[in-house]
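Proteins get letters first, then strands, A, B, ... in listed order; numbering begins at 1 in each.
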Amino acid sequence: MVEKKKKQFRPKARLPKGLIDVYGAEVRALARMLDRVRGVYDLYGFEPLETPALEYTDALGKFLPDVDRPNAGVFSLQDDDDQWMSLRYDLTAPLARFVAQNYDALPKPFRRYQSGPVWRNEKPGPGRYRQFTQIDADTVGAPPGAADAELCMMAADCLEALGIPRGGYVIRLNNRKLLDAALAEIGITGGEDDPQRLTVLRAMDKLDRLGETGVRLLLGPGRKDESGDFTAGAGLDDAAIDKVLAFLGAGGGSADETLARLGAAVGGLEIGAEGINELRMMAELFAAAGYGPDRIAIDPSIVRGLDYYTGPVFEAELTFEARSEDGQLIRFGSVGGGGRYDGLVARFKGVQIPATGFSLGVSRLYAALEALGKVETGAGDAPVIVLVMDREHMGRYLAMAAELRAAGIRAEIYMGASGVRAQMKYADKRGAAVVVMEGEDERGRGEVTLKDLVLGAEKSSEITDNEAWRSGAAAQIAVKRDELVAGVKSILQRTAS
RNA sequence: GCCGCUGUAGCUCAGUAGGUUAGAGCGCCUGAUUGUGGAUCAGGAGGUCCCUUGUUCGAAUCAAGGCAGCGGUACCA
């Protein structure tokens, strides 16, 4: 090496922006949550599927990397044969690829569920990361109606399985055909990439966030936000804006009432009548299955992205509110959604294969459950710690840990090099409920000392003077060596209750 | 991408009429306690004051440029 003198390169220990580590109790809680949702999907008969994180970019969709910005939106890299691959940005595109590739062998309709991380190369925000987990269920090869209705009901079941009470959420349902009809009513009949059409749809989508005044501006001349940035509007006249807002506000009350109002607004057009029929069919199924408007409601202001949806679209929204640590009001809003996409598989096969799906966003749901106090704490997660009082008796400690494990109790021996004080601190930091000690004294008496760390912590709040602290063997008991397991069990039981 | 705000210890933040050795709380480490976490007390470690250039006898402080973070907005399959 030429430069022998100084400056060895040390990488900075850091994470790329928008990515996070998850550790310990949170990993457990997330896993339990995913299991709950998977359990519901499984009960409905969906079959699990796993696909790789990487796909060929052209198989994922329209986001072909261009030379200037190969990573716009997606993370992409080139294989040795120069083909572009990308990290999946959702679980639907890989599903379409899988179905197209294995179409002949699959049962039709094909029903699968899948969970896993997806990646989007976008600006991260609060609660918004560049890697996040989704859990999806899709039915491919079923016509509009029952398959879509089933997903709405299953979405409601999932939220309840996670402990969100009825009334704390609502599945909002709409139909893209109604949106198309509403646009036609105000004279926007341009195709998919008519810029005015896109602007109007985007404005409609923002009703929940910006309110009627904001949407009115976006539909008309444009809107200036609080930072002073200006967003161009759609330039509609007042009559058209009134029509759009009337359409958006057609929800509320019973399904019949909503459908009647929608019929008046857009039922005159063929596409509108078709959308209303699909919704009516679904509403009848909800009623038959006992899912009232408190759980699934028709709401014309649901837009759901702009792209591949072709029929019913729906969103799972949490309606309860919580306060953050600093007293700010948090609204959780949409935690998942889905809808019908009849064109996705056709990209590969050329033939139209109808499909409908639902996707839950896991981290948002988790944050909401945390605020609701519905995260399962997983008591007993922390292991019992066997202290190493005399290093030459390590074998005895190994035997104790083995006995505890044989009884199904998570147990570990302190593996560090430090003294008892540090070992206690270690047990505390790990959240252990029990510490097992056997020093010379105990060994002589054929006993072990069990310390109840939870009880100890409770007592410490009563301790005011140094004397009491010093004598502090309060929260520990001695048991016979052969009663180790029973003794630990009784402390764990007390702690759990 | 656009607009705004902010960058000082691991964390939360004080610190300007530019002036010795840059502070606090929490956390961390050590001791009081030769076998004991959490209370208390005493001590300690920890900083390129985001980076670069400039103004100045002198810059955490002033100026310009850059970078990063946060908030809003746009986009979002």
K.L.:
Considering only the C1' atoms, how many Å lie between B:C11 and B:G69, rounded to the nearest integer?
P.N.:
15 Å

K.L.:
Within this structure, what is the CZ-to-P distance between A:Arg223 and B:C3, rounded to whole angstrom?
P.N.:
17 Å

K.L.:
Could you tell me whether the phosphate oxygens of B:C76, OP1 or OP2, come under 4.0 Å of any side-chain nitrogen or oxygen in A:Arg128?
P.N.:
no

K.L.:
Using 30° and 60° as the class limits, which term best fits the ring planes of A:Tyr414 and A:Tyr426: parallel, tilted or perpendicular?
P.N.:
perpendicular

K.L.:
Determine the interatomic distance between P on B:G71 and the same-named atom on B:U55; round to the nearest Å.
P.N.:
38 Å

K.L.:
If we take the P atom in both B:U52 and B:A45, what is their distance in whole Å?
P.N.:
27 Å

K.L.:
Using atom C1' of each nucleotide, how far apart are B:G23 and B:U30 to the nearest Å?
P.N.:
23 Å

K.L.:
By nearest atom, which of the nucleotides B:A77, B:U73, B:G69 is closest to the A:Lys17 side chain?
P.N.:
B:G69

K.L.:
With distance as the sole criterion, do the side chain of A:Lys206 and the base of B:U73 form a donor-acceptor contact below 3.5 Å?
P.N.:
no

K.L.:
Starting at the 5' end of RNA chain B and moving along, which residue's nearest nucleotide shows up first, A:Lys429 or A:Glu440?
P.N.:
A:Lys429

K.L.:
Tell me if the side-chain of A:Gln476 makes a donor-acceptor pair with the base of B:U36, cut-off 3.5 Å, by modelled atom types.
P.N.:
yes

K.L.:
Paired with B:U12 by Watson-Crick or G-U wobble geometry, both distances under 3.5 Å: which nucleotide is it?
P.N.:
B:A24

K.L.:
Are A:Tyr341 and A:Tyr308 near enough that their ring centres are under 6.0 Å apart?
P.N.:
yes

K.L.:
Under a 3.5 Å cut-off for both distances, is B:C62 Watson-Crick or wobble paired, and to whom?
P.N.:
B:G54

K.L.:
Please report the distance, rounded to the nearest Å, between CZ in A:Phe230 and C1' in B:C2.
P.N.:
13 Å

K.L.:
Using Watson-Crick or G-U wobble geometry with both distances under 3.5 Å, which nucleotide pairs with B:U6?
P.N.:
B:A68

K.L.:
Keeping A:Thr356 on the side-chain end and A:Ala147 on the backbone end, is there a donor-acceptor pair under 3.5 Å?
P.N.:
no

K.L.:
Considering only distance and modelled atom types, tabulate donor-acceptor pairs under 3.5 Å from the side chains of residues 480-491 of chain A, sequence neighbours left out.
P.N.:
from	atom 1	to	atom 2	distance (Å)
A:Arg481	NH1	A:Glu403	OE1	3.3
A:Arg481	NH1	A:Glu403	OE2	3.4
A:Arg481	NH2	A:Glu403	OE2	2.9
A:Ser490	OG	A:Gly487	O	3.0

K.L.:
Distance check needed: B:A77 P versus A:Gln134 CD, whole Å only.
P.N.:
11 Å

K.L.:
Of the listed nucleotides (B:U73, B:G37, B:G35), which one gets closest to any side-chain atom of A:Met424?
P.N.:
B:G37

K.L.:
Return the value, rounded to whole Å, for the distance between atom CD of A:Glu447 and atom C1' of B:G35.
P.N.:
15 Å

K.L.:
Tell me, please, which residues at least two apart from A:Glu150 pass side chain to side chain donor-acceptor pair (under 3.5 Å).
P.N.:
A:Arg111

K.L.:
Consider the side chain of A:Val420, meaning its heavy atoms from C-beta on, and name the nucleotide among B:U36, B:A77, B:U73 that approaches it most closely.
P.N.:
B:U36

K.L.:
Do the side chain of A:Arg410 and the main chain of A:Leu404 share a donor and acceptor less than 3.5 angstrom apart?
P.N.:
no

K.L.:
Side chain of A:Glu442, base of B:G35: donor and acceptor closer than 3.5 Å?
P.N.:
yes

K.L.:
Which of these nucleotides, B:A74, B:G37, B:A77, is closest to any side-chain atom of A:Ala457?
P.N.:
B:G37

K.L.:
With a 4.0 Å cutoff (strictly under), does any side-chain N or O of A:Arg421 reach OP1 or OP2 of B:U33?
P.N.:
no

K.L.:
Rounded to whole angstrom, note down the C1' distance from B:U20 over to B:A59.
P.N.:
15 Å

K.L.:
If you measure from the C1' atom in B:A14 to the same atom in B:A60, how many Å do you get, rounded?
P.N.:
13 Å

K.L.:
Take the protein atom CZ of A:Arg202 and the nucleotide atom P of B:U73, then report the distance between them rounded to whole Å.
P.N.:
16 Å

K.L.:
Now, which nucleotide makes the Watson-Crick or G-U wobble pair with B:G1, with each of the two distances under 3.5 Å?
P.N.:
B:U73

K.L.:
After noting the C-alpha distance and the side-chain angles of A:Tyr113 and A:Asp138, does the key distance pass the side chain to side chain contact (heavy atoms under 4.5 Å, CB included) rule?
P.N.:
CA-CA 6 Å; A:Tyr113 67 89; A:Asp138 293 78; over 6 Å; no

K.L.:
Whom does B:C49 pair with, Watson-Crick or G-U wobble, provided both distances fall under 3.5 Å?
P.N.:
none

K.L.:
If you measure from the C1' atom in B:G35 to the same atom in B:U12, how many Å do you get, rounded?
P.N.:
37 Å

K.L.:
What about A:Lys425: does its side chain form a donor-acceptor pair under 3.5 Å with the base of B:G27?
P.N.:
no

K.L.:
Write down the distance between NZ (A:Lys224) and C1' (B:G72), rounded to a whole number of angstrom.
P.N.:
14 Å

K.L.:
Of A:Thr199, A:Leu219, A:Leu218, which meets side-chain contact (heavy atoms from CB on, under 4.5 Å) against A:Leu236?
P.N.:
A:Leu219

K.L.:
Could you give the OH-to-P distance, from A:Tyr129 to B:C70, as a whole number of Å?
P.N.:
10 Å

K.L.:
With a 4.0 Å limit, can you tell me whether A:Arg430 has a side-chain N or O closer than that to the phosphate oxygens OP1/OP2 of B:G37?
P.N.:
no

K.L.:
Can you measure A:Arg130 atom CZ to B:C76 atom P for me and round it to whole angstrom units?
P.N.:
19 Å

K.L.:
For A:Met437 and A:Pro124, take the nucleotide of RNA chain B holding the closest heavy atom to each; which residue's nucleotide lies nearer the 5' end?
P.N.:
A:Met437

K.L.:
According to the 5.5 Å centroid and 30° plane-angle thresholds, does A:Tyr426 stack upon the nucleobase of B:G37?
P.N.:
no

K.L.:
If we take the C1' atom in both B:G7 and B:C50, what is their distance in whole Å?
P.N.:
6 Å

K.L.:
Under a 3.5 Å cut-off for both distances, is B:G31 Watson-Crick or wobble paired, and to whom?
P.N.:
B:C41

